[in-house]
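Input: a single structure, listed below in structure tokens.
What you see below is based on every heavy atom in this structure, not just the backbone, and it leaves out hydrogens, waters and symmetry mates. Chain letters run A, B, ... following the sequence lines, proteins first, then strands; residues in each count from 1.
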Amino acid sequence: MPDTASPILDVKGLKTVFRTRGGEVHAVNEVDFHLHAGELLGVVGESGSGKSVTMMSLLRLLPSPPAEMRDGAVMFGGQNLLDISDEELRQVRGSKIGFIFQDPMTSLNPVYTIGYQLAEPLRAHLGMNKTEARARSIELLQLVGIPDPERRLKDYPHQFSGGMRQRVMIAIALACDPKVLIADEPTTALDVTIQAQIIELVKDLRRKLGMAIIWITHDLGVIAGIADRVMVMYAGQVVEEGPVDEIFKDPRHPYTQALLKTVPAVRGARAEKLQVIEGQPPIMMAAPSACSFRNRCAHAYGRCEDANPELTAAGAPGHRAACFLLDEAASKQPETVDG
Amino acid sequence: MAETTAAGPLVKVRDLKMYFPIHAGLFKSHVGDIKAVDGISFDIAPGETLGLVGESGCGKSTVGRSILRLYDVTDGTVEINGSEIAHVDRDSLRSKRPMMQMIFQDPQASLNPRMTVASIIAEPLDEHLELSSKERLARIYELMDWVGLNREFAKRYPHEFSGGQRQRIGIARALALNPKFIVCDEPIAALDVSIQAQVVNLLEELQDRLDLTYLFISHDLSMVRHIADRVAVMYLGRIVEVASRDALFAEPLHPYTQALLSAVPEPDPASERNRTPIVLQGDVPSPANPPTGCNFSTRCPKAMEICRQMEPGVFEFGGGRQVACHLYSDDMAEPAEPTAGSESN
């Protein structure tokens, strides 16, 4: 992960609001992040934390109305994806940035064959003819480990199992050799043994193709195994980000700390009682003016009520967290904050 | 499988089979069966939690539903608290319903959206008991207190609650008639990570307070390790291994259990880098057409010739541990060192 090179994808101050009858829901609030070439960024958060909405906002995949990208910039290949025309955006979607959705059954079209759906991006983006597209489709299915690809091109999605369908989704996303692949909970709908297959496949593809990947999940175990860097989201904001080892070894935000403790393990010592985070995540009916975790936080104090903490450097390079406790720690021992 | 060491099990299941018929053709003739549950046996001791794990489609939910007679079972016997459940008529079954209850996976789908919380919780009371309205209300409030719901919410409707709170309503309803045995069918699968722990802790507290016995069905091995005393692993309609929780997680013996445990990622990057999961090839075969011999033989990394021809017997390893695998046919029945193959840490 070269930190000096300019990032391939750079998101600044992204803000997405849903207009509903009950008022505005602030799903994404001032989210900043970047992605380097060849890097795997893990995005963790509970449902409703805004992780999927953030990624869908990047490619303007959300229907508007009700969604509205109110502010921010998404810099990719010298363009701001939020400003370019629909036609220019179409050149990016599916070609330079691939997307894998959570549920492979609902994201594949049931009335077209797999062969047709694989050839579609190839013909639209790369201008291939039928024969070329077919040859490339077979190659792609081989790449993602589907046996007997020539015959399977004629099959419909319902003829594939869940794991195989997710492989097809990955093949479609990879069809045009994207620079960035966004995977939204790609293994959540799958069983553990199938999840292990898909994770091995993605690791292998990364070695072969070297693309940058954003992997959204709520499973901390999956993230620990594959990510280079981790971003933790809560209530539509990034509350902590940093290299994967730092996040797991030395989490700085109370939410990350609590999240890591609530998950029981299959190996090692077994806790008598599970740690819990009391309460519920907030519903963001307004832009945050205070720390959104304060009502569930064991360390909350007066300052958390008054202002919304910004991401500040914490320990190791690249490790940042949005919590006032970091300020407190820094002012107590001004020399170093131990990492 | 067979007997546990504990005396007098509360739940006793023997050779349970649940086949769903497949009808096809113009006259809807019976052309085959989906063998969702194909001859399983187990016991659950009073106050115990038996975890039932397996991948989707292995029949674990069908087991939970058939032992409560939500399905009419094809074959086998089920005994709960000394009374036969599997083959009794509807009237005598109805009188036994209060002692066995169920908590469902999806709290959204299992609560009637047009009923208030109070009427949902009171429905079993109205069906089975004759309470005065005062007693009824007192019982509703008591149940809401047990599961940690604010009494003021009694008049609200399910959609006004979050997923975790809805699951609490479902738990209160299951507790209404003082059951002895509760089947928890993936009770936390639809909940967020931080809410899962709240619900699991609640289930454990209630078990201690009310002396409940659980069958905890889940695909989440780490949660099962937390809550269960003993664990049964299912694959394609059969139980492949039963063992105490600690023994199973420390040293899985069946190749499927080994693969299943090794596939679970751990939230620790350092150990994740050194972990080499046993990656199973292929998918689970269809239960309508299971392979001959051992059900797992098509994906088993240690499959031998005999596995494709003969169904493995059940081998006893002592301490209630049982494994159905040909690997142990030579040096079986010894509670000492079982020759399990390579182990993932």
Between [X] and chain A, with a heavy-atom cut-off of 4.5 Å, which part of the residue counts as in contact: side chain, backbone, both or neither?
X      : value
B/V200 : side chain
B/Q196 : neither
B/N201 : both
B/E204 : side chain

Heavy-atom side-chain contact between B/R273 and A/D245 under 4.5 Å:
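Yes, side chains in contact.
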Find out whether A/L274 and B/M223 are in side-chain contact, i.e. whether some heavy atom of one side chain is under 4.5 Å from a heavy atom of the other.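 Yes, side chains in contact.
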CD-CD1 distance between A/E46 and B/I195, expressed to the nearest 0.5 angstrom: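 Reported to 0.5 Å precision, the distance equals 6.0 Å.
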### Query
Roughly how far, to the nearest 0.5 Å, is CG of A/L220 from CG of B/D268?
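Going from CG on B/D268 over to CG on A/L220, the span is 11.5 Å.
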Checklist entry - Looking only at heavy atoms, what is the nearest atom pair of B/P267 and A/F248, with distance? => result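 Result for this residue pair: O-CD2, 3.3 Å.
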Smallest heavy-atom separation, A/D191 atom then B/S56 atom, equals OD2-OG, 2.6 Å
Hey, which of [options] has the most heavy atom pairs under 4.5 Å with chain A?
options                        : answer
B/P265, B/A270, B/P277, B/G57  : B/P265
B/H226, B/E272, B/Q198, B/Q165 : B/H226
B/G163, B/S222, B/G164         : B/S222

Side chain, backbone, both or neither of [X] within contact of chain B (heavy atoms, under 4.5 Å):
X      : value
A/Q195 : side chain
A/E200 : side chain
A/I277 : both
A/V192 : both

B/R299 vs A/T193, test: side chain to side chain contact (heavy atoms under 4.5 Å, CB included). Steps then yes/no.
CA-CA 11 Å; B/R299 297 173 82 199; A/T193 60; 3.5 Å; yes
Check: Would you say A/I283 has more than 12 foreign heavy atoms packed within less than 6.0 Å of its CD1?
Finding: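 No, not enclosed.
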- Can you tell me if CD on A/E150 sees more than 12 non-hydrogen neighbours from other groups inside 6.0 Å? no
Note to self: Applying side chain to side chain contact (heavy atoms under 4.5 Å, CB included) to B/E55 and A/I194, what does each step give before you reach the verdict?
What the structure shows: CA-CA 9 Å; B/E55 295 178 275; A/I194 308 295; 4.3 Å; yes
Taking a cut-off of under 4.5 angstrom between non-hydrogen atoms, the residues of residues 230-238 of chain A near chain B are none
side-chain contact (heavy atoms from CB on, under 4.5 Å) filter on A/P254, not counting sequence neighbours, yields A/Q257, A/F293, A/C297, A/H299, A/C323, A/L325
